Structures are given as structure tokens and as C-alpha cells.
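Here the structure comes first, spelled out in C-alpha cells, and everything after it is commentary.
Below, read A as the first sequence line, B as the second, and so on, with proteins coming before strands; counting in each chain starts at 1. What you see is a predicted model, and the numbers here were worked out from it, not measured in a lab.
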Protein chains: 2
Amino acid sequence: MAEPAVRHDVFQAIADPTRRSMLKLLADKEMPIAAISQCFPMTRTAVNKHLHVLSDAGLVSRRKVGRETRYRLRPEPLAEIKEWLAFFDQYWDDRLAALQRFVETDSDE
Amino acid sequence: MAEPAVRHDVFQAIADPTRRSMLKLLADKEMPIAAISQCFPMTRTAVNKHLHVLSDAGLVSRRKVGRETRYRLRPEPLAEIKEWLAFFDQYWDDRLAALQRFVETDSDE
DNA sequence: TCATCATAACACCTAAAGGTGTCATTTTGC
DNA sequence: GCAAAATGACACCTTTAGGTGTTATGATGA
């Protein structure tokens, strides 16, 4: 019961710009839904759905305080994206990529 | 006419696992659609659509060689994701985050 | 206990994503 | 010039994501 089994993909979770804004918003402070939904032009229900996706991906944690539920950033799953990006570091260099393209173009035609 | 105006978001482009596989596949070598679609359990048309999304995001380049179009990785737009992730580096440290949570919990209740 | 407030849960709607199939276009090689 | 091969473009279908509204649940405070 340690980790809540990622159902929603982390990549999919951060695909939506609204959810990316939510993560930045929840980075500094813990917030209840009412406060969060005031920052976005949509219903509380819609905000709650987005929070549920983020929670499924393990990107936010929920904590009950009295009658309100507070959400907070949990950045650990972002490591998966970081690792994925690391694979492409070897292709990052513009000059190297350009050279490789040039060589193959030359040998093909 | 330098850059092809990103219509599809980069975050959205890498949200699909098929497209992520395509990027890895196209990292090493330039490939035509026929060869690419042999690597995925779907129609050439579907593969072409995914490639179109990647192309819109600037993540692949297309080059016509005779009657075939070859695709190749263009990793530059991934920098946007890297920058976005960099924002969360300050919240990365588990101990720091735990401490912050503890402090706020204490002061709240 | 009871009214109130915050959130969760439910049914529902609309638009877009992801997929297939078919046809048009262009290049190759004879 | 013409048949074959590779890709692009189009119409279409199905599923899901994102959204709203309403109702149910649970905690607060007089």
C-alpha cells in the first residue's frame, strides 16, 4: 500500500495545460479545491476531475483537514519524464545531428 | 519561414506512448512511412497521423527522397519540456518537501 | 440536533483523438 | 507512355477526454 499504482500515465497527466498550471500552483502551498477552482475558469467539478487525474498519476497528494481536502504537489513521478528525456540527450547537440543528417543524405543519394 | 509554428503542443505530442516509441525509433535513423508502420500494430494511415502530430510539434522532420518521405528525430522542441521540469527541481528533494509539509501541518492545526 | 458549508459522486453532453478504409497523386522502371 | 509502388488526402466511425449540473455525504458550529 506504499504507492497508489499509477493508472493514469504521467505523460498524459501533464499533457493538459490546465493540469500543468495546477502543479505549479500546488508547488508552493497546500490548497483545498475551493481555492484551486477560483484560479481556473471552470466548475469545481471539472477542477476536481483534473485533480483526480493528477492524483492517479501520483503527482499530487490529498490530505483531509476537517471538512476540506487539501492538495499538494508530489514531484517524484516527474522523474519518469526526466529519465525519458535523458535518452535524447545524446541527440541533443545541433551540430552533431546536422552532421549525421548530412552524412546519411550524402550516402543515400 | 524558419520554424513551422507549433500548432500541436509538445506535451500533447509525447502524451501518446505510440508517438514516444516513434521518437525513439527515429532517433538513430531516418525512415520512410512503410518501414515505420511495420513496427506498429496499426494502419499506415494511423501511423501517418501520429507522424503529422509529431511534425506539427516540430519533433520530426520530413524529407522527400524519390517517391518516399523519410522522417527523422528533431529533438530541439524537447527543450521546452526540460525547462518546464526545471521549475520543479526546487521541490525535488524529498526531505525538504517532507519538512515543509510537516511545518505547515503543524501551523495549520 | 440541525442548518450550513465543502467536497465527492453520479448521470449526461459535446468535441476531439485515434483508428480504418478508399481514392488520388507522384515517382520509378520498363 | 504506362503499370506498379509509396505516400498523402479524404470521409467516416468509435471511444474517450473535458466540461456542466445535480445530488449525496460528511464535518462544522450554534
Inset, instruction - Measure the distance from CG on D9(B) to P on dA17(D) and round it to the nearest whole Å. - result: 17 Å

Legend entry - Residue H50(B), side-chain heavy atoms: nucleotide from dG19(C), dA5(D), dG21(D) that is nearest: dG19(C)

Inset, instruction - Give the nucleotide from the list dT7(D), dT20(D), dT7(C) with an atom nearest to the side chain of R44(A). - result: dT7(C)

Legend entry - Presence of Y71(A) side-chain N/O under 4.0 Å of dA8(C) phosphate oxygens OP1/OP2: yes

Inset, instruction - Give F40(B) one of three labels, base, sugar-phosphate or nothing, depending on what nucleic acid heavy atoms sit under 4.0 Å from its own. - result: nothing

Legend entry - Separation of atom CG in N48(B) from atom C1' in dA9(D), rounded to whole Å: 9 Å

Legend entry - Whole-Å gap separating C1' (dG18(D)) and CG (L54(A)): 14 Å

Legend entry - Polar side-chain atom of S55(A) near backbone of L51(A) as donor-acceptor pair, under 3.5 Å: no

Legend entry - K49(A) side-chain proximity, nearest of dA6(D), dT20(D), dG19(C): dT20(D)

Legend entry - Test item: R74(B) and L59(B) side chains (from C-beta on) under 4.5 Å apart, heavy atoms: no

Inset, instruction - Quick one: pull up CD in E76(A) and OH in Y91(B) and give me the separation to the nearest 0.5 Å. - result: 14.0 Å

Legend entry - Nearest-nucleotide pick for R19(A), side chain only, options being dT7(D), dG18(D), dA8(C): dG18(D)

Legend entry - Q12(A), nearest nucleotide to its side chain (from dT20(C), dA17(D), dA27(D)): dA17(D)

Legend entry - Distance in angstrom units between R63(B) CZ and dT7(D) C1', rounded: 16 Å

Legend entry - Between P of dA6(D) and CD of Q38(B), the distance in whole Å: 10 Å

Inset, instruction - May I have the distance from K64(B) (atom NZ) to dT28(C) (atom P), rounded to whole angstrom? - result: 9 Å

Legend entry - R67(A) side-chain proximity, nearest of dT7(D), dG26(D), dG19(C): dG26(D)

Legend entry - Euclidean distance, atom NE2 of residue H52(A) to atom P of dC10(C) [Å, nearest integer]: 10 Å

Legend entry - Whichever of P41(A) and T69(B) has its nearest DNA chain D nucleotide further upstream toward 5': T69(B)

Legend entry - Spacing of NE2 belonging to H50(B) relative to OG belonging to S37(B), to within rounding of 0.5 Å: 12.0 Å

Inset, instruction - Determine, step by step, whether R72(B) and D28(B) satisfy the salt bridge (charged side-chain N to carboxylate O under 4.0 Å, His left out) criterion, reporting the C-alpha distance in whole Å, the side-chain angles of both residues, the deciding distance to 0.1 Å, and the verdict. - result: CA-CA 8 Å; R72(B) 164 177 289 283; D28(B) 298 312; over 6 Å; no

Inset, instruction - Identify whether any heavy atom of T45(B) sits under 4.0 Å from a base atom; if not, whether one sits that close to sugar-phosphate; answer base, sugar-phosphate or nothing. - result: base

Inset, instruction - Using atom CZ of R20(A) as one end and atom P of dG18(D) as the other, report the distance to the nearest whole Å. - result: 12 Å

